[in-house]
Trainee: 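Please see the structure below; I have some questions.
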Amino acid sequence: MPRITHPDLLVGMETHDDAGVYRVSPDLALIQTVDYFTPIVDDPRDFGAIAAANAFSDVYAMGGVPRTAMNLVGWSQGEQPWDVLRSILEGAHEVVHEAGAVLVGGHSVKSPEIFFGLSVTGTIHPDRVVTNRGARPGDILFLTKPIGTGILATALKRGRLSAEGLSIATATMRRLNRASAEAMQEIGVD
């Protein structure tokens, strides 16, 4: 992809962050991201909540506050009951509400494989944006959630995850990173 330059584009593709940042005024920038994936757990409500929390994480990672969200759905009509889709959307809506964001719509496409996620817009002061480029060798890295949920999701797909392991993984993946983003902004991460 060609490098995009614009005086108000504060974060583009070159930093490999999960979101872009665009300054709209001297004290306001928009954080924009889109994130979706195929089901990672069997429960549709949990899947919707996990996908939503994951999309919001892109805004939180940059130190921002999510403001609006839009559903993105890939659905194979006739192959799944509509109640499954309803549960996915309800799980996501719970997380959108918890994040304090507003769901403003969405888009669906016919797809042989189910996918779900959100497009999220957040806000931040242009001088407070946190990106990947600030990290340096020797920096201390704080993990805000346990690592390994991807391994547990693979174990689930292979029928090798206990009910307790699934419960722990689901609770972890559903949890918003809001408190971590607030702490990061409070201590002044670059």
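Since the model is a prediction, treat every value here as computed from it, not as a measurement. In this chain, residues are counted from 1 in sequence order.
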Trainee: Tell me whether I187 at atom CD1 has more than 12 heavy atoms from other residues, nucleotides or ligands lying less than 6.0 Å away.
Mentor: yes

Trainee: Membership question, hydrophobic clusters at under 4.5 Å side-chain separation (ILVMFWY): are M173 and L166 in the same one?
Mentor: yes

Trainee: So Q80 and L85, side chain to side chain contact (heavy atoms under 4.5 Å, CB included) or not? Walk me through it.
Mentor: CA-CA 8 Å; Q80 293 288 332; L85 179 57; over 6 Å; no

Trainee: Give me the ring orientation class for H93 and H97: parallel if the planes are under 30° apart, tilted from 30 to 60°, perpendicular past 60°.
Mentor: parallel

Trainee: Starting from I114, can I reach I50 by hopping between I/L/V/M/F/W/Y residues whose side chains sit under 4.5 Å apart?
Mentor: yes

Trainee: How are the rings of Y22 and H6 set to each other: parallel, tilted or perpendicular (split at 30° and 60°)?
Mentor: tilted

Trainee: When rounded to the nearest 0.5 angstrom, what distance separates CG in N132 from CD in E14?
Mentor: 11.0 Å

Trainee: How many angstroms lie between atom CZ of R23 and atom CG of L10, to the nearest 0.5 angstrom?
Mentor: 4.5 Å

Trainee: With the side chain counted from C-beta on, respond yes when T33 and M62 share a heavy-atom pair under 4.5 Å apart, and no when they do not.
Mentor: no

Trainee: Using 0.5 Å steps for rounding, measure from the CE atom of M184 to the OG1 atom of T144.
Mentor: 9.0 Å

Trainee: For the CD1 atom on I151, are there more than 12 heavy atoms of other groups (residues, nucleotides or ligands in this structure) within a distance under 6.0 Å?
Mentor: no

Trainee: Decide side chain to side chain contact (heavy atoms under 4.5 Å, CB included) for V73 and Y36; before the verdict, give the C-alpha distance in whole Å, the side-chain angles of both, and the deciding distance to 0.1 Å.
Mentor: CA-CA 8 Å; V73 178; Y36 61 90; over 6 Å; no

Trainee: Within the distance-only criterion (no hydrogens, no angle test), does the side chain of R86 pair as donor or acceptor with the backbone N or O of P81 below 3.5 angstrom?
Mentor: no

